[in-house]
Structure formats: C-alpha cells, structure tokens
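What follows is a short report on a single structure.
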Protein chains: 2
Amino acid sequence: MTEARPDALPDALPRPNRRGRPPKGAAQLSRESIVEATLRVVDAEGVSAVGMRSVARSLGVDAKSLYNHVEGKDGLLDALAEHILGGLALPEPTGDVRRDLHAIARAFRDRALRHPEAASLVLTRQLASFEGLAPVATVLRVLRGAGCPTGEAVHLLRVLLATLIGTLLRELSAGTAFGVGDNAGIAARQEALERSGFPVLAEVAPHLARFDREAEFTYAVSFAIDAVVTRVQASNPR
Amino acid sequence: MTEARPDALPDALPRPNRRGRPPKGAAQLSRESIVEATLRVVDAEGVSAVGMRSVARSLGVDAKSLYNHVEGKDGLLDALAEHILGGLALPEPTGDVRRDLHAIARAFRDRALRHPEAASLVLTRQLASFEGLAPVATVLRVLRGAGCPTGEAVHLLRVLLATLIGTLLRELSAGTAFGVGDNAGIAARQEALERSGFPVLAEVAPHLARFDREAEFTYAVSFAIDAVVTRVQASNPR
DNA sequence: ACCTGAACACCGTTCAAGT
DNA sequence: ACCTGAACACCGTTCAAGT
C-alpha cells in the first residue's frame, strides 16, 4: 500500500525547459511524493545514487525545493527508512508464542528485504523512529501474554531484535559480497578457506563457503525463539 | 599495538607551502600511514569528516597521492575497518565453552568500541575481509572442541555473530540517539512511551526507556551463549 | 507558502606531466 | 615508483528574491 503510486503524481521523468515557477497544474511537491521518488531512485540505482539533486530531477523540480519538506539529505534517508518500515503488516498474535514470534520475524524480513537496495537503511536507521514502535509493541504483547515479567520481556525483546537485525544484515552482505548460489564462487571460497592457514576453517570449509539465505534465516530465528520460549517458561512459575 | 604512532611518521598537522615534490626527507607515504591518519581523523571528527582531501591534508600531501596506495575512498574505509579488526587480541581457548565464548565476545566488543566513531564501519564492513577470519576460526575451534559437528558449528557461529553484531549496533545507536544515562532523558522517553497509544509500551515503559550498556551486553551474550551450549550438548551424544 | 537564481564551499577521481 | 597540476563533473546547503 505504501508502494502505491497515485496517478495524481507528476511524471517521474525529468521534463525539459523547467524554470521559474511550477508550470500550471504541475508538481505539487509534498513530503510523501518526495519520499516515494527517493524510493524509486534507490530501487533503480541504489542508495548511493540518492541525492538532493537526483531526487529533485526525477520530480522535475529544483533540488533546493526539497528543503521545504524534508530536513536535508539525512532527514530524507531517515524518512525513507521510516516509510518502508511503516508499511510493515504485523500479524495479530494468536497466543502461540513460538508461532507468533516467527510470524513477526518473517513479516519484518519480508518488509525489510522488499527493497533490497534500501534494506540497510531500514536495518541501521530505524532504531529510534516512531515507526519502529509497532513491531516492538507486538513482540512485547506476545511475551507479556505468555506471562513474562516486564523487565525480562524488554531484555528478550532486545536480544531477539538484535539477532534478527544481525541476521538480516549478514543475509544482505552475503548477497552482495559473493553470488550466493553460484557453484564456481562456492568452490573458490572453499579453496580459499582451505588455504587460510586456520585448520578449523579447512575442516568446515564446505559449510562456511555456502550461504542459503532461507535456511540461514530459519535456523537463526528458530534458534533465538526456542531460547526465548525456554526463558519465558523459566520466568513463569505457572 | 595497531594504535602505536611511530615517531618516524610525518607530522599529523598540515604544513604550509607544500607543492612540487616531497620536500627532502619528508612524508614517505604508505598504505599504513594513510590508514592511521584516517583513524586519527575519525577519532577526532567522526567518520563523516573522512575524505580523500581531509586525510591527505592531515598528512601534508595532495589528495590524489592517496590513490597510489588505496583503492579510492571506499577502499580506504574498508582498509580502516580491517585495520581496527586486525588489532583484535583473541584469548586462547581453555576448553570451557561458556567461558571461552564469553571471552571472545568481550574481546570483540572491546576492540570494536575502542574507536566509537569507527565502530559502525567495523560492524558493517568487516563481513568479508580476511581480518574477520581470525575470530571466526576461534569460535569454530571452541565449538568443534566441544564435539559440535561441522554443519551445526557453522550455524551456531553465524547466529552467535549475528546476535553480537546486532547487540553492538544497538549499543552504538543507543549511545548517540539519547544520552544513555541521563535521568531527564529517561523520564522524557518514559513519558513518550506512556502516551504512545500502545498499552503494552506504557506497561513496560520504565524498562524500555532505560539502556544500561554493560548490563544489556552481558544479558544478550549470556543468553546466546547459554542457548549455544544447550545445542552443543544436544548435538553431542557423549 | 513554496519555489528558484545565484552563489558558496566543498566533493571523488582521471590523466598526463613531472621527478 | 610516486607525486602533483589542471581539470572534470559533481555535491549539500544558504539566503534573498520572486510569485
């Protein structure tokens, strides 16, 4: 839904002969349209292509105009991260702790990786924003609903989120660092590990050279959630 | 040791009247001296102050000279992250899995946070470098030594590292986002949470508004290591 | 209220020319 | 082998002036 591009928006491509004031019923710049244009730039050319000038150009507008709606480039990137995270559709808790936490983690991953070029922004900048509160609240509801005391619930929330974010960051960098699936790359990495001078790396090279995104995510999340469930039961006398 | 600044290094401050070729027995630019100069800039003014021009200026040299030793700005930042991580002093495993993993995590944290302004570089860029192999190998030695099969050891390594990195990133952003310790800030955050519209956030506000770096780190690492130890025992019939 | 012109003070990087 | 001059093609951001 946050992806929707209303037809009322101006053309995304730059139009020539632009100068002076808005040409009739044009543009109507807004914070939202700016953020959406930024997302289009990121999806198409990566986050390094984002600039006040490039985003403005894609809207057929001068770069300085953006400052009327956004707090500089840094504010623009924050707004983008919040926009993406704001589209997170959280599942309603069912009462089954394990299942509920899995569903939340899965929803978060889907959302964060939906725009792969923007994912690192979401994972590293969201930490203070209001948008980040909804997933936090949902996890806490699940933990509290299972009888977890408030202090312990906050601790478990934090370690769960840390594992999730760390795992997604790795998934992201694994995707860009080496072609995850290609066999030649796997063979090359395996060989490099065998030559690394660390015997233990040679020993585990076949596993370490491989990275199955789906399997790694499932393993990490299951691991963390199992541990959380154990803690919750321990902290809950009943 | 990587912090050492040999006296043979050129003055860190820019010297005037610099032009033409090196003035006698000066500079002697090298990859290492460039990286060390970069670290000084980061420590003093933050990572955003790093530039080919600013680093070169601090060495009394032209920016373009750096390209003879480093692969552009991006390569420079990679080199810096590797340099810092390369200074990691890993403890020798004792055979006590829990104690050994704790010691590794602690050493990693000390190293990564020793240069707080550069920490995010180390945590987000180290993932493919050779420097990152030493801690990986040490963790694997501990797990293998405890009888953990190769495949499981790699999985546990990855989830452990993800939790560690996620936790350190949070610690970092908690430190900059709000003054961690200050009481006025805590009170303000607590109030904001109570007004957030999420009842569960109001309920846990006193805990969620607080962030004790040391306690959070200890909790997260102990949590993850306990879970790892449980897995290792389960995967090890003896 | 919102947009632009002119302007400021910067960037990273190339390439040929120097030594 | 390594450094610089000149140059290119950019940046983010301000502020006053326009409508």
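In what follows, every chain begins at residue 1, and chains take the letters A, B, ... in the order their sequences are listed. Everything quoted here is computed from the prediction, not taken from an experiment.
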D:dA9 to C:dC10 separation - P atoms, rounded to the nearest Å: 22 Å
Does the pair A:Arg189/A:Glu194 count as a salt bridge with the N-to-O cut at 4.0 Å? no
d(CG, B:Asn68; P, C:dT19) in whole Å: 17 Å
Look only at the side chain of B:Arg158 and the backbone of A:Thr167, and say whether a donor-acceptor pair between them is shorter than 3.5 Å. no
With B:Phe217, which residues qualify under ring-ring contact (aromatic ring centres under 6.0 Å, His included), at least two apart? none
Do the side chain of B:Lys64 and the base of C:dG12 come within less than 3.5 angstrom through a donor-acceptor pair of N or O atoms? no
C:dA1 P sits how many Å from A:Arg31 CZ, rounded? 18 Å
Grab the CG-P distance between B:Leu59 and D:dT4 for me, whole Å please. 11 Å
Enumerate, in order of first residue number, the stems that involve DNA chain D, defined as 3 or more consecutive Watson-Crick or G-U wobble pairs with both distances under 3.5 Å. C:4-8 with D:12-16, C:12-16 with D:4-8
Without decimals, in angstroms, what is the distance between B:Arg53 CZ and C:dT13 C1'? 9 Å
Separation of A:Met52 atom CE from C:dT4 atom P, in whole Å? 13 Å
From D:dT4, C:dG12, D:dT13, pick the nucleotide closest to the side chain of B:Tyr67? C:dG12
Classify A:Asp62 by what it touches in the nucleic acid, base, sugar-phosphate, or nothing, heavy-atom distance under 4.0 Å. sugar-phosphate
Salt bridge present between B:Arg125 and B:Glu82 (N-O < 4.0 angstrom): no
Can you name the closest pair of heavy atoms from A:Pro116 and A:Leu172 and give their distance? O-CD1, 4.4 Å
Separation of B:Leu66 atom CG from D:dC3 atom C1', in whole Å? 11 Å
Going by side chain to side chain donor-acceptor pair (under 3.5 Å), name the residues that satisfy it together with A:Arg31, two or more places apart in sequence or in a different chain. none
Would you confirm whether A:Thr124, through its side chain, and A:Ser120, through its main-chain N or O, come within 3.5 Å as a donor-acceptor pair? yes
Using a 4.0 Å heavy-atom cut-off, does A:Lys73 contact any base of the nucleic acid, only the sugar-phosphate backbone, or nothing at all? sugar-phosphate
Please state whether the phosphate of D:dA1, meaning OP1 or OP2, lies under 4.0 angstrom from any side-chain nitrogen or oxygen of B:His69. no
